[in-house]
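Below you'll find the structure, written out as structure tokens, and then a few comments.
Throughout, a chain's letter reflects where its sequence line sits, starting with A, and its residues are numbered from 1.
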Amino acid sequence: MSHKEIRVRFAPSPTGPLHIGGVRTALYNYLFAKKNGGKMILRIEDTDQTRFVEGAEKYINEAFKWCGVEFDESIGKGGKYGPYKQSERKHLYKDYAQQLIAKGKAYYAFDTAEDLNEIRNSFEAEKKTFVYNAAERSKLNNSLTLSEEETKQLISSGKEYVIRFKMPENEVVVMEDIIRGRVEVNTSVLDDKILFKSDGMPTYHLANIVDDHLMEISHVIRGEEWLPSLPLHVLLYDAFEWERPVFAHLPLLLKPDGNGKLSKRDGDRLGFPVFPLQWKDPKSGETSRGYREDGYFPQAFINMLALLGWNPGDERELFSMDELIEAFSLERVGKSGSKFDQEKAKWFNHQYLIKQDDEFLANKLMPIVIKNGVLAEKEQLTKAISLVKERVSFVSELWDQLDFFFKRPQEYDEKAVKKRWKAASYDILLELKELLENVSDFTSENTETVVKQWIEEKEYGMGAVMNAFRLLVVGALKGPHLFDIIELIGQEETLERIDQGLHELGRKE
RNA sequence: GCACCGUUCGUCUAGCCAGGUCAGGACGCCAGGUUUUCAUCCUGGUAACACGGGUUCAAAUCCCGUACGGUGUACCA
């Protein structure tokens, strides 16, 4: 029996953009499938037609494409267990619901939503909790209290009905979860959940069990918010006499401050994205930030997400997708929720940025350079990037670190001038300019040798010369190795910048 | 309210199942070092077993309770 193929699924409902908790759930499913040579399935659960959101399904596909989570079977890819969208499987569910009725495991109920609300309210007034189960169902309007005749008549007369699961009375349900271990619940606290709605669609509970069974899902890996309905699901498998899949309920992603499930609002409030991709709400027109648009590399995003709730058991932190697959196991997923930490996320991105090819980064940066009104040669930009990339976490931060390669100083940092432009500076820099005018080999290595030798001979002092020199070339006391900078901007530009600086700052009294 | 799940540095976490380690690592923060500057980098430091009982020679680890938090409790998923 252990020869059974590993098949897992990620089953979002297309009610909006996928948030990073969902992405992580999908990622763990994916890693688990790949690790075990299994299949990863994407199934769209759109049984609630009232919550349909335009563009959500497309968003889901794009998001996974961006971060490198691939599906073996899905709407786009097909597969022999399709269709992979529940609204297209509609015809299947009613029959299964009726099978349950035939087995005495479910029944028709005619109570309207209003009826039930009323009852709930009156219970609440007496500080009691209404539960539609063995304790109360005999007093309600259903095929258990009505005669077969009456039931049939009601249905044929077009009366709206739902199909409810007949929850056993006072039984202990024993469940196994890979992450939580054994969990036990008494059925007397559970209710007769609706399996089939009056609009002709199944609820999540029915559809999910039927589809997981039909699609031969071996492991159900999902968020912890499903744990309370696990008894129902397990009982449904038993009622159908189907083999239960293995369950693993993942801990939740929490908001960075305080407690509670991470939500869209937290991102807006704390200033970080909760979605992989930017999302524009078709109704409100409101736009939410995405990791992609914020400049995160997909690998960094995945790496960060993978480590939020799982760890390899050793001290490695940087993983490619293949390395994650190799190292992953559900047993090493923690039990408690994790808070997202933006600083750590930045650090991951920094690590990946350093590893990126300089030319690749230059291509990414070029639009920003152009936006700043500068025409830079790709080759120059690539070299400049190689000199400064260790200083930043995002491509968008690069410009601030290397704009001086392409722009002469517009102004000279006031504090720096005060500190480093001394009485002797003018004459020394004038002399340095003459020195550099006569250098024919303007490589960093050579100019460094020449200048340092000159400083030593004249006993000017390193700090006094270099800081003033940097001030004229860069406009501030920042940036990488100065001789690397002047090599890149070239001899002519270097000399002109010295000239400009001498003219602007003048001889200090 | 009821049910279920959870709780180790500020954060992510190792260690817990098979009790004995100065409770380890990473991010952040702080200090020092390197450097012509800033940043990087290197070194060091900071800081945690929710609480109370019990079992035991010995408890973060096993048991019970309490507190706190989370999730669920829809004809949503």
[atom1] of [X] versus [atom2] of [N]: gap in Å, rounded?
X       : N      : atom1 : atom2 : value
L471(A) : U37(B) : CG    : P     : 14 Å
R470(A) : U37(B) : CZ    : C1'   : 5 Å
F196(A) : C76(B) : CZ    : C1'   : 17 Å
E225(A) : G70(B) : CD    : P     : 15 Å
N186(A) : C4(B)  : CG    : P     : 9 Å
H350(A) : U40(B) : NE2   : C1'   : 7 Å
M167(A) : G72(B) : CE    : P     : 18 Å
K335(A) : G69(B) : NZ    : P     : 22 Å

Is the phosphate of [N] approached by [X] (side-chain N or O, under 4.0 Å from OP1 or OP2)?
X       : N      : value
S229(A) : U73(B) : no
K346(A) : C12(B) : no
N311(A) : U13(B) : no
K261(A) : G72(B) : yes

Assign [X] to base, sugar-phosphate, or nothing according to its heavy-atom contacts below 4.0 angstrom with the strands shown.
X       : answer
G463(A) : nothing
T129(A) : base
G309(A) : sugar-phosphate
D111(A) : base
T47(A)  : sugar-phosphate
P480(A) : base
R180(A) : sugar-phosphate
T203(A) : sugar-phosphate
L307(A) : sugar-phosphate
L230(A) : nothing
R332(A) : sugar-phosphate

* If the plane angle is over 60° it's perpendicular, under 30° parallel, otherwise tilted; pick one for H233(A) and H205(A). => tilted
Pair partner, [N] [Watson-Crick or wobble, under 3.5 Å]:
N      : answer
C76(B) : none
A67(B) : U7(B)
A59(B) : none
U21(B) : none
C49(B) : none
G44(B) : C30(B)
U36(B) : none

* hbond_proxy R391(A) side chain to C38(B) base (donor-acceptor, 3.5 Å cutoff) -> yes
* Can you find an N or O donor on one side and an acceptor on the other, under 3.5 Å apart, linking the side chain of H481(A) with the base of U35(B)? -> no
* Asked: Within 45° of the ring axis of F10(A) and under 6.0 Å from its six-membered ring centre, is that where the NZ or CZ of R43(A) lies?
  -> no
* To do: Please confirm whether K128(A) makes a cation-pi placement over F123(A), using NZ or CZ under 6.0 Å from the six-membered ring centre and within 45° of the ring normal.
  => yes
* To do: Say whether, by atom type as modelled, one donor and one acceptor occur between the side chain of K197(A) and the main chain of T47(A) under 3.5 angstrom.
  => yes
State which of [options] makes the closest approach to the side chain of [X].
X       : options                : answer
H205(A) : A77(B), U7(B), C27(B)  : A77(B)
K339(A) : U11(B), U71(B), U40(B) : U11(B)
L477(A) : C12(B), U37(B), C76(B) : U37(B)
E317(A) : C76(B), U13(B), A26(B) : A26(B)

* To do: Compute the centroid of each ring, for Y291(A) and then for F272(A), and state whether the two points are separated by less than 6.0 Å.
  => no
* Structure fact -> Of R222(A), K335(A), R180(A), the one forming a side chain to side chain donor-acceptor pair (under 3.5 Å) with H249(A) is R222(A)
* To do: Carefully, step by step, assess W399(A) and F405(A) under the rule ring-ring contact (aromatic ring centres under 6.0 Å, His included).
  => CA-CA 10 Å; W399(A) 176 246; F405(A) 282 101; over 10 Å; no
* Could you check V172(A) against V185(A) for side chain to side chain contact (heavy atoms under 4.5 Å, CB included), going step by step and ending with a plain yes or no? => CA-CA 6 Å; V172(A) 175; V185(A) 177; over 6 Å; no
